[in-house]
Protein chains: 2
Amino acid sequence: MSKPPTIHDVAKRAQVSVSTVSNVLTGKRPVAEATRRRVLEIVQEIGFRPNRLAQGLVSRSSQTIGVVASGLEYFGPSRVLVGIEQEASERGYTLILNLIHEPATVDAEAVLAHLITHQVDGIIWASPHIGKHLEQRQEALSRVPAPVVLINHPNASGLIVIDIDNQRGGYEATRHLLANGFQNIGLIAGPPDWHASQMRRQGWELALREAGKEPEQRQIAYGDWSPQSGERAFYQLRATFPELDAVFAANDQMAIGALCAAADLNLRIPEDIGIVGYDDIPEAAFIRPRLSTVRQPLLELGRLAVQKLDALIAGNLQPSSANASGDLLQPLLIVRESSQLRRSPE
Amino acid sequence: MSKPPTIHDVAKRAQVSVSTVSNVLTGKRPVAEATRRRVLEIVQEIGFRPNRLAQGLVSRSSQTIGVVASGLEYFGPSRVLVGIEQEASERGYTLILNLIHEPATVDAEAVLAHLITHQVDGIIWASPHIGKHLEQRQEALSRVPAPVVLINHPNASGLIVIDIDNQRGGYEATRHLLANGFQNIGLIAGPPDWHASQMRRQGWELALREAGKEPEQRQIAYGDWSPQSGERAFYQLRATFPELDAVFAANDQMAIGALCAAADLNLRIPEDIGIVGYDDIPEAAFIRPRLSTVRQPLLELGRLAVQKLDALIAGNLQPSSANASGDLLQPLLIVRESSQLRRSPE
DNA sequence: GGATGCATCTAAAACGTTTTATGCGAGGAC
DNA sequence: GTCCTCGCATAAAACGTTTTAGATGCATCC
């Protein structure tokens with residue numbers, strides 16, 4: 001089989017120089033209309049496709065974005081990735097995907113090195129911060145010779161960080177439960193070293209304090225986002241916090257696990273226990289009782305990441321000018337059956 | 001800021017030629033131990049990272065795999081992608097991701113051209129076949145100057161196709177319902193132009209025929225995989241097929257929608273209506289009633305795709321030698337509450 | 001009539017690697 | 001001593017583009 005045609009083949013057939021072909025294709029310099037047409041005709045005819053490797057090598061821009069993600073089995077991360085991909089492809093970027101399976105132990109340096117090696121124009125780090133080496137990792141990120149946008153991370157100076165306002169989500173969910181007459185609201189939290197987890201907990205704490213209730217450690221049970229862990233956490237909560245009459249779960253899957261445990265205990269939802277989840281997975285509106293939850297603009301978050309990165313690459317945005325408060329998208333509380341108590345507050 | 005170091009910088013510092021540095025790094029030719037160590041030391045010292053673009057350009061191999069996927073918001077496709085990524089990164093491949101948002105109208109040629117342009121070593125086409133232009137698309141795929149592995153496609157001569165045995169899954173689910181005494185089993189099918197959908201339907205038909213029941217059109221309602229569509233399909237089924245006493249839904253989300261509709265109609269599950277879903281999403285074991293379903297080896301499917309592709313790239317596998325039957329993974333029926341009738345068959 | 005400007009095109013360098021072809025010296029066979 | 005072989009190292013070519021620095025011809029300007 002013969003080699004694919006190169007720009008030289010096009011040039012020869014069109015009786016022009018390779019530079020002219022290049023100029024026709026990139027549009028960086030004007031070319032006479034007649035020549036332009038002739039070249040394009042030949043390109044069509046022999047099916048020439050420029051080699052991106054060669055383009056990237058000399059132009060020092062690969063039109064490529066490295067994405068570091070994890071937890072694609074969960075609703076949130078996979079939606080964010082879809083948003084990233086849509087915006088990236090609309091802007092002419094190609095995505096290089098790196099999944100992290102063990103966020104706690106990942107060698108960030110190695111992952112970054114791998115992407116740099118591929119000459120990515122920028123990096124979106126969408127893997128949740130886990131573990132203690134935060135400063136270390138952020139230092140690695142700011143040393144990288146390419147712009148970086150972080151998702152799901154605490155603010156870091158000199159780095160662009162965007163997120164959805166998890167504290168606000170936790171706050172709204174808890175306030176809604178309080179407003180509906182629930183008194184003793186337990187928290188089924190996500191893994192404590194996830195940033196999103198911490199923020200949702202802070203929102204829950206804030207709402208409790210505003211209502212004059214000091215949150216206690218025994219009101220919290222930790223899960224790992226899975227339904228199983230939600231079920232287990234619910235039993236644990238009933239043991240350490242017997243007065244429990246409502247639960248805010250940090251995601252819908254754990255909420256479903258809790259719902260399941262409640263059913264096993266013959267507890268009525270929402271009469272005996274009110275429940276609010278987080279994410280608004282498609283199933284949330286169709287399980288019984290229909291699950292109240294917090295919906296997040298995940299697709300938009302992914303798109304925003306690419307927009308920021310593109311601005312960074314183009315030099316229209318300085319990492320130092322990052323304004324944290326401006327880069328928080330707002331979640332939306334969706335009230336359904338699982339949290340609607342008809343009895344009035346005592 | 002200074003340019004990143006190149007192989008020339010290493011060579012100069014180590015007082016050897018660039019070829020020697022290259023040989024040390026690639027290991028393609030022997031280098032004296034002393035020289036080797038000196039070079040590696042310098043590499044460490046100045047933090048040299050080879051430029052993959054340059055490597056790929058001359059070696060004509062980018063160590064890159066193009067993945068075309070869609071429906072990442074669903075359980076199946078996202079798990080398959082995770083499997084692909086794991087196996088690919090273990091084998092030293094980098095993934096280029098292309099998502100398709102409208103599988104029905106996608107310009108396959110353009111997507112393939114984009115990947116070829118990036119000099120991918122191979123392509124995994126994991127977007128479900130939709131629409132009528134099957135032959136056309138497969139022709140485009142076989143014209144591509146890189147090996148291709150197809151997932152979720154009908155068999156095609158000259159192309160490697162792998163899948164999970166959807167017909168078997170549909171068959172087992174339906175047979176299980178029949179064995180549990182259900183007589184009139186409706187089908188909530190996925191979109192009729194998805195290959196997986198068709199195969200699951202064929203399995204359902206096969207089981208019915210084996211039981212002496214000729215499947216009728218009115219026993220089928222089509223959904224779009226979403227819980228909403230499952231709910232709608234259930235109502236439709238009750239209208240066109242009033243004797244309905246069980247449902248096989250082509251995925252768990254639609255099964256959940258059906259469950260929801262059944263609850264609204266005050267039908268007991270499984271006493272009045274038995275239900276089996278498909279996928280075994282994590283929530284399936286935690287909703288009430290616990291959902292019987294068909295579990296698929298999705299991660300393994302993704303890994304297998306990369307293994308096949310790697311063999312193809314290495315020349316250890318010929319597309320023409322593709323043996324369809326050997327490339328079907330087997331699903332597993334998971335029996336839970338939603339399909340377990342205690343009454344004996346009439 | 002020479003200088004200037006403009007539009008169009010081009011030759012050659014550059015990008016950072018791997019690959020190819022070759023060189024060199026030492027050691028062994030004869 | 002001469003001829004081979006072998007282990008190690010190297011210079012130069014090659015990969016397929018974009019970019020740089022000119023070149024050419026022609027009209028315009030003074």
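The chains referred to below are lettered A, B, ... by the order of the sequence lines, with proteins before strands, and numbering in each begins at 1.
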Worksheet item: Quick one: on DNA chain D, does A:Phe48 or B:Val18 contact a more 5' nucleotide (nearest heavy atom)?
Response: B:Val18
Discussion item. Side chain of A:Ser17 only, heavy atoms from C-beta on: which candidate in C:dA11, C:dT19, C:dT8 is closest?
Written reply: C:dA11
Item to complete: Report the distance from atom CD of A:Gln15 to atom P of C:dT10, rounded to the nearest whole Å.
Response: 10 Å
Discussion item. Can you tell me if B:Arg60 touches the phosphate of D:dG16, counting only side-chain N or O atoms and a distance under 4.0 Å to OP1 or OP2?
Written reply: yes
Item to complete: Determine: side-chain N/O of B:Lys28 to OP1/OP2 of C:dT19, distance under 4.0 Å, yes or no.
Response: yes
Worksheet entry | Residue that, paired with B:Ile160, satisfies side-chain contact (heavy atoms from CB on, under 4.5 Å) out of B:Val149, B:Leu150, B:Val148, B:Ile151 | B:Val149
Worksheet item: When you measure from the side chain of B:Leu57, which nucleotide among D:dT17, D:dC15, C:dT18 comes out closest?
Response: D:dC15
Fill in: Spacing between B:Lys12 atom NZ and D:dA11 atom P, to the nearest angstrom
13 Å
Practice prompt. With the side chain of A:Pro30 defined as its heavy atoms from C-beta on, choose the nearest nucleotide among D:dT18, C:dT18, C:dT8.
Written response: C:dT8
Worksheet item: Taking atom C1' of D:dA12 as reference, at what distance in whole Å does atom NE2 of B:His8 sit?
Response: 11 Å
Item to complete: Would you mind reading off the distance between A:Gln55 atom CD and D:dT18 atom P, rounded to a whole angstrom?
Response: 5 Å
Worksheet item: What is the distance from CD1 of A:Ile116 to P of C:dG16, rounded to the nearest Å?
Response: 15 Å
Worksheet entry | Listed nucleotide nearest any side-chain atom of A:Thr20, set D:dT19, C:dC9, C:dC15 | C:dC9
Practice prompt. Could you check how far NZ of B:Lys3 sits from C1' of C:dC15, rounded to whole Å?
Written response: 9 Å
Fill in: A:Glu300 with A:Arg303: basic N within carboxylate O range, under 4.0 Å
no
Discussion item. Which nucleotide wins on minimum distance to the side chain of B:Arg29, given the candidates D:dT18, D:dT19, C:dT22?
Written reply: C:dT22
Discussion item. Mind checking if B:Arg49 touches a base, just sugar-phosphate, or nothing, with heavy atoms under 4.0 Å?
Written reply: sugar-phosphate
Worksheet item: Toward the 5' end of DNA chain C, which comes first, B:Ala54 or A:Ala32, by nearest nucleotide?
Response: A:Ala32
Discussion item. Under 4.0 Å from OP1 or OP2 of D:dT18: is there any side-chain N or O of A:Ser22 that close?
Written reply: yes
Discussion item. On DNA chain D, compare the nucleotides closest to B:Ser19 and B:Ser59; which residue's is nearer the 5' end?
Written reply: B:Ser19
Worksheet item: For the pair made of CG in B:Asn23 and C1' in C:dT19, what is the distance, rounded to whole Å?
Response: 9 Å
Item to complete: Measure the CD1-CZ distance between B:Ile7 and B:Arg49 for me, rounded to the nearest 0.5 Å.
Response: 14.0 Å
Discussion item. Within the 4.0 Å heavy-atom criterion, would you say A:Thr6 contacts the bases, only the backbone, or no part of the nucleic acid?
Written reply: sugar-phosphate
Item to complete: Could you walk me through whether A:Val68 and A:Leu115 pass side chain to side chain contact (heavy atoms under 4.5 Å, CB included), step by step?
Response: CA-CA 9 Å; A:Val68 183; A:Leu115 290 174; 3.7 Å; yes
Worksheet item: Quick one: CD1 on A:Ile84 to CG on B:Leu97, what's the gap to the nearest 0.5 Å?
Response: 10.5 Å
Worksheet entry | Side chain B:Thr35 and base D:dA9 donor-acceptor under 3.5 Å | no
Worksheet entry | Steps toward side chain to side chain donor-acceptor pair (under 3.5 Å) verdict (A:Thr64, A:His118) | CA-CA 9 Å; A:Thr64 276; A:His118 276 279; over 6 Å; no
Worksheet item: Taking atom C1' of C:dT18 as reference, at what distance in whole Å does atom CG of B:Asn51 sit?
Response: 13 Å
